[in-house]
Number of protein chains: 2
Amino acid sequence: MDVDTRLVRSFLAVAEEGSLTRAAERLYVSQPALTKQIRSLETQLGVRLFTRSRAGMALTEAGQALRERAPGLLAACDQVLRETKSAARVAARVLRVGFLASAANEATQDIVAAFGRLRPGWRVEMLQAAWSDPSAGLADGEVDAALLRLPFPGQETLRHEVLLEEPRWVALPSSHPLAARAEIAFADLWDEPFVAAPQETGEWRDYWLAADERDGRPPRVGATTDQPDAWLQAIANGYGVALAPASSARYYARPGVTYRPVTGVSPTRVGIAWPPAADTDPVVQDFVRCCRDTCASM
Amino acid sequence: MDVDTRLVRSFLAVAEEGSLTRAAERLYVSQPALTKQIRSLETQLGVRLFTRSRAGMALTEAGQALRERAPGLLAACDQVLRETKSAARVAARVLRVGFLASAANEATQDIVAAFGRLRPGWRVEMLQAAWSDPSAGLADGEVDAALLRLPFPGQETLRHEVLLEEPRWVALPSSHPLAARAEIAFADLWDEPFVAAPQETGEWRDYWLAADERDGRPPRVGATTDQPDAWLQAIANGYGVALAPASSARYYARPGVTYRPVTGVSPTRVGIAWPPAADTDPVVQDFVRCCRDTCASM
DNA sequence: CCACATCCATTCCATCAGGTTATCGATACA
DNA sequence: TGTATCGATAACCTGATGGAATGGATGTGG
């Protein structure tokens, strides 16, 4: 009666996609491997979970039963594992803070220093997240708190506080004609290709494409990147332009990339976020206070 | 974030035993294999779960956290898997009934036949359980209901109804001097070696050794068996005698084994048991009714 | 003080589970 | 009737896993 949770996750993927082939690509494994996984799960349970057909994979009654219960089970699993890791960090007096490249920028060091004074003996572990995870590890419980840019997907299920606000500028190839101007109207960028965040970030990607401020015109995407360096590279290569916090001009200066103020787009806000479960965690709350105080005095 | 539940079970065993070596024998694996499993779990979690020493394995804070949460998690896992299997049986219109060798004996066929009339289209799958599991698969949810002998371990957490009562007889080697008597007083058997159920059945084993009716004298155990055939074999071989339901004389007659009535021991009762969750399951309740009605009219 | 017992860790080796690529058979569709 | 798509299968390769034997550290008893 022992089952690897991975098999259950695979099962769920197949159940959701209704197709081995599609589930296989979603899971980044080959289709035959998934075939074997599913059959292995069925064998271990001694139960048929799907009825196969040319049209795809349809759930049997047993499959439906499992499909209803599996998500909760997996969530419980993840929860337990996270709590275990969390216990280790508490024991080691380590606070894990995720941050998005260019989130708090200059404030970050001051915040950490302030926390160090407030909680001597504790260490802050800063984990930079890729842009493919705009919640900076909070969504999957990898961190105790996160410095990030608002808005971000999953925002509703987490607590957050706004720390800073700054205008959005544009980063463009130095050779770009518009780079000659001291300031650029966003409307002039509507038809430019943009370097964007990965598709799966949804709301976040749209926000940095300023999809709402284009008067309904669809954005053009010239490249997709996940990391600051790839992002700078793509811009320098001329694959596109991108909106960025004004502070990026100081933090991510690079030959071939020019930053210019933009009019006609809303500013961006930096926030500190934490899971509801940490509302009563004195250490996390101390960190939040450090963020608030440090940023208020800037 | 994917962990095989077997690793968690291994972890729990080590945590409970406080020792790799002892846990390894309990799990029937070699000690190095367990060492690797535990290390693998620690690696996957990125957390130390034990502090090693010559004295054994002591839990770290993270280990304690996991130790508290793991049992519930594993129980939830098992529960989901059982419900999945159960859904398959319902879909196939199969009712699984565990039974203990010599439980309902002649009544069994009548019960199944009655159920077949009450629920046409349904099939009853009878699963014989070994004596090492006196709950006949109910305890681990393998069956929907079970015909068994009362009392049985775990009785409190399950529903049950008494169906029949019959005297306990003794089965002894035909060559045994007492086999010449028509009836035997239990006190005459106090010093005989007994063929007993496995140690781990606790209460059940004691009941069939009639430990309570020996006037405080400890029973002698000449052999331990798990299955009717081994049991008969052991008796025929002269390893010991054993108490048995009177009906065994009809159902388990065998050359070399003689059954005789015994005075001075309480009778044995046959019951039908089901999990509380099945209180509202109409099919299970129909089966219970068939048991009740069939046995009442005998 | 020296075997000895008792821990856990390590090494080496055999086996097997799990992955991948290539291919097949069946079926719907143009 | 080609063609695309779906799942199943075959052949192969690698890495994980388990077992036996052994090692190192540390109390324990004669």
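Listed nucleotides dT17(D), dC8(C), dC6(D) differ in distance to R22(A); the shortest reach to its side chain belongs to dC6(D). Here the side chain of R52(B) is nearest to one of dC8(C), dG19(C), dC6(D), namely dC8(C). Distances from the side chain of K36(A) to the nucleotides dG19(C), dC8(C), dG18(D) place dG19(C) closest. Each of dG18(D), dT9(D), dT20(C) was ranked by its minimum atom distance to the side chain of V29(A); first place goes to dT20(C). Which of dG18(C), dG19(D), dT10(C) sits closest to the side chain of T35(B) comes down to dT10(C). Of the candidates dT17(D), dT20(C), dC7(C), the closest approach to any side-chain atom of A33(A) belongs to dT20(C).
Using a 4.0 Å heavy-atom cutoff across all strands shown, S30(B) reaches at least one base atom of the nucleic acid. Counting non-hydrogen atoms under 4.0 angstrom, Q31(B) reaches a base of the nucleic acid.
Between S19(B) and P32(A), the residue anchored closer to the 5' end of DNA chain C is S19(B), taking for each the nucleotide with the nearest heavy atom.
For Q37(B) and dG18(D), the CD to C1' distance is 9 Å, given to the nearest whole Å. In this structure, the CD1 atom of I38(B) is 14 Å from the C1' atom of dA9(C), given to the nearest Å.
A salt bridge is absent between E83(A) and K85(A): the closest approach of a Lys/Arg side-chain nitrogen to an acidic carboxylate oxygen does not fall below 4.0 angstrom. Under a 4.0 Å N-O distance rule, the pair D191(A)/R220(A) does not qualify as a salt bridge.
Aromatic rings from F50(B) and F11(B) are positioned such that their centres are separated by under 6.0 Å.
Between W190(A) and R217(A), the shortest heavy-atom distance links the atoms CZ3-NH2, 3.4 Å.
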